[in-house]
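Here is the structure we will look at, set down as structure tokens.
What you see is a predicted model; the values in this text were computed from it and never measured.
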Amino acid sequence: MGLQIYNSMTQQKEEFVTLEPGVVRMYVCGPNLYGPAHVGHAMSYVIFDTIKRYLKYRGYRVVHVQNFTDIEDRIIETAKANGTTISALADQYIARFFREMDALNVSRADYHPRATEVIPDIIRMVEGLIQKGYAYALDGDVYFRVRQFKGYGSLSRRSIEQMEAGARVEVDERKEHPMDFALWKTAKPGEPSWESPWGQGRPGWHIECSAMSMRFLGEQLDIHGGGQDVIFPHHENEVAQSEAYSGKAPFVRYWVHNALLKLREGDEKMTRHLGNFVSAQDALDKFGTDAIRLFLLSSHYRSPLSWTDEGVMAAERGAARLRVALRDMADKPAESPHDALSQQAETARSAFVVAMDDDFNTPRAVAQVFDLARLVNQARDSGASAQSLGYAQSVLKELTDVLGLPLMGRSGPSQAEPFVSLLVDVRNELRAARQWALADDIRERLTQLGVVLEDGPQGTTWRYGAE
RNA sequence: GGCGACGUAGCCAAGUGGUUAAGGCAGGGGUCUGCAAAAUCCCGAUCGUCGGUUCAAUUCCGACCGUCGCCUCCA
């Protein structure tokens, strides 16, 4: 059985079949640029990065688009409050976003368009929707005619009547129907705006994603991802306007939505405007990439997760064990040595693939990685050949790469290196002279400085420890 | 109120109608070590509560309790 993906639209796992064989067209909703990213965003992007890595590992060519929404009410407000422009604000947060995502080893998309770069596409789409009778202009605004699109509500599983009944917002009386949503809005004085057939204005919130995905990926996509909180109204509206415009269905073959991150058990989800979040930067200041990714991937993407320092610290200790397994990685032999260890490694790899094939079950995949790490450590302890070890390590590395774990240790070469080596040498002379107390003192004091010494049969090795 | 999800060892977290319920962290014991560290070995759960279906349920159904998401901006 091949890859199965849970599709939010049908609420079941389905066999993954792409529109075009061998190619995956994937669009992931990017952030609104009114503030810095938090670890909830990080979780979503780590998850979709892992999905992308796995699809590539499975041999697909992946065309990945992730937008930046740089025109939207909140951004306009924030820019105004900070006395800056939306463009400058966006530049600032985009730079920061890339810095943080790079640090999390989240690979960049093939295209990172900004909403303001596709205004002509948006206008063309809105015009098309009006022509087809799916939208109507009203004093410079343009609204999508929700009742015209049969199937509105199918993604979020609700009917127009239901929503109307539970509506919590005051309704704009001019609209034909309370649920009709804005495709284009008249600019208020001082707001950024573009010329359009309906006067000076700007796009509504949902249309930009349809325009960007269509521009870079065509009228139909294989995977569209985002957080569960964006299913309604954002993705629901995207389906409506995209399918109404193109006349093609489905707009998206597989809707993939990750569950949301909470600050701690029993809390609500993290949200920037509630302030109950840990910023991506804070997390990166405190923890390493391996720990953060491993923590986030230790639970299934459709299960809600609580961010806790203890949890990430536990993940860090696990990551340390994986690093040990990959330590002094022997060269990968040209082919499998066909011994017991190699076969076990291949079994682990198969189990990893089976787990990931089952709707990207990263917790189960991670379990396979730990099993293999134990086998490698065991083999090394019992003096396995470099060839045998090298092969198993190469498989382990292959799998941890799919998970996007760098596993490179805390820091690279530093200026402290020669001095640490010197101390290690001095200490070993003391040990040779059986001056245990002094030797232990050096070790203890280095540990306090974050350098861990380990005496093994092959001599003393050292590494940066957790502080 | 409507729609949806979840409740598994001290903590995190997979999974299955019926052989030993993954994996990680923490804890206890052993091996190794001058001592440590690292690594490794051994040790722990009957699966929210109460009913039902079934030869058999943690796994299916119902009720209840608890938690969370969406219905408004949101990854």
Once you apply a heavy-atom cut-off of 4.0 Å, does [X] come out as touching a base, just sugar-phosphate, or nothing?
X         : result
Leu260(A) : base
Leu294(A) : nothing
Asp229(A) : base
Gly30(A)  : sugar-phosphate
Phe48(A)  : nothing
Ala314(A) : sugar-phosphate
Leu261(A) : base
Met270(A) : base
Arg157(A) : sugar-phosphate
Gly40(A)  : base
Arg321(A) : sugar-phosphate
Asp371(A) : sugar-phosphate

What's the gap between [N] and [M] when it is taken at their [atom1] atoms, as a whole Å value?
N      : M      : atom1 : result
U58(B) : C47(B) : C1'   : 4 Å
G10(B) : G17(B) : C1'   : 30 Å
G28(B) : U19(B) : P     : 33 Å
C42(B) : A22(B) : P     : 13 Å
A57(B) : U8(B)  : C1'   : 14 Å
A21(B) : U31(B) : C1'   : 29 Å

Centroid separation Trp307(A) to Phe295(A) less than 6.0 Å: yes
Ring centre gap for Tyr45(A) and Phe97(A) strictly below 6.0 Å: yes
Nearest whole Å is fine: how far is [N] [atom2] from [X] [atom1]?
X         : N      : atom1 : atom2 : result
Tyr93(A)  : A75(B) : OH    : P     : 13 Å
Glu236(A) : G4(B)  : CD    : C1'   : 14 Å
Ile160(A) : C71(B) : CD1   : P     : 17 Å
His234(A) : C71(B) : NE2   : P     : 13 Å
Ile231(A) : C73(B) : CD1   : C1'   : 16 Å
Phe370(A) : A26(B) : CZ    : P     : 11 Å

Expected output: side-chain Asp290(A) to main-chain Leu407(A) donor-acceptor under 3.5 Å: yes
Sidechain-backbone polar pair: Arg293(A) side chain, Gly404(A) backbone, donor-acceptor under 3.5 Å: yes
N or O in side chain of Arg374(A) less than 4.0 angstrom from G24(B) OP1/OP2: yes
Any Gln378(A) side-chain nitrogen or oxygen under 4.0 Å from OP1 or OP2 of C41(B): yes
Would you check if there is a donor-acceptor pair between the side chains of [Y] and [X] at a distance under 3.5 Å?
X         : Y         : result
Thr116(A) : Arg114(A) : no
Ser388(A) : Asp339(A) : yes
Tyr34(A)  : Glu77(A)  : no
Asn67(A)  : Tyr111(A) : no
Arg380(A) : Asn377(A) : yes

Of His206(A) and Glu454(A), the one whose closest RNA chain B nucleotide lies more 5': Glu454(A)
Earlier contact from the 5' end, RNA chain B, for Gln368(A) and Pro233(A): Gln368(A)
Any strand counts, and the cut-off is 3.5 Å on both contacts for Watson-Crick or G-U wobble. Which nucleotide pairs with [N]?
N      : value
G17(B) : none
A39(B) : U31(B)
A57(B) : none
G7(B)  : C65(B)
C70(B) : G2(B)

Ala367(A) side-chain proximity, nearest of A26(B), A22(B), U40(B): A22(B)
Closest to the Arg463(A) side chain, choosing from A38(B), G2(B), U40(B): A38(B)
Polar pair under 3.5 Å, donor/acceptor by atom type, side chain Arg74(A), base C73(B): yes
Within 45° cone of Phe98(A) ring axis and under 6.0 Å: Arg108(A) NZ or CZ: yes
Distances for protein N or O near nucleotides 33-35 of chain B N or O, under 3.5 Å:
unit_1 : atom_1 : unit_2    : atom_2 : d
G34(B) : O6     : Arg431(A) : NE     : 3.1
G34(B) : N1     : Asp440(A) : OD1    : 3.0
G34(B) : N2     : Asp440(A) : OD2    : 2.8
C35(B) : O2     : Arg443(A) : NH2    : 2.7
C35(B) : N3     : Arg443(A) : NH1    : 2.9
C35(B) : N3     : Arg443(A) : NH2    : 3.2
C35(B) : N4     : Arg443(A) : NH1    : 3.4
C35(B) : N4     : Asp455(A) : OD2    : 3.1

More than 12 heavy atoms of other groups within 6.0 Å of Gln448(A) CD: yes
Test salt bridge (charged side-chain N to carboxylate O under 4.0 Å, His left out) applied to Asp359(A) and Arg364(A), step by step: CA-CA 11 Å; Asp359(A) 193 31; Arg364(A) 226 158 81 204; over 6 Å; no
Identify all pairs in which a protein N or O lies below 3.5 Å from an N or O of nucleotides 14-16 of chain B, and state each distance.
unit_1 : atom_1 : unit_2    : atom_2 : d
A14(B) : OP1    : His300(A) : N      : 2.7
A14(B) : OP1    : Ser303(A) : OG     : 3.4
A14(B) : O3'    : Asn361(A) : ND2    : 3.1
G15(B) : OP1    : Asn361(A) : ND2    : 2.9

Among His224(A), His112(A), His64(A), ring pair (Phe, Tyr, Trp, His ring centres under 6.0 Å) partner for Tyr27(A): His224(A)
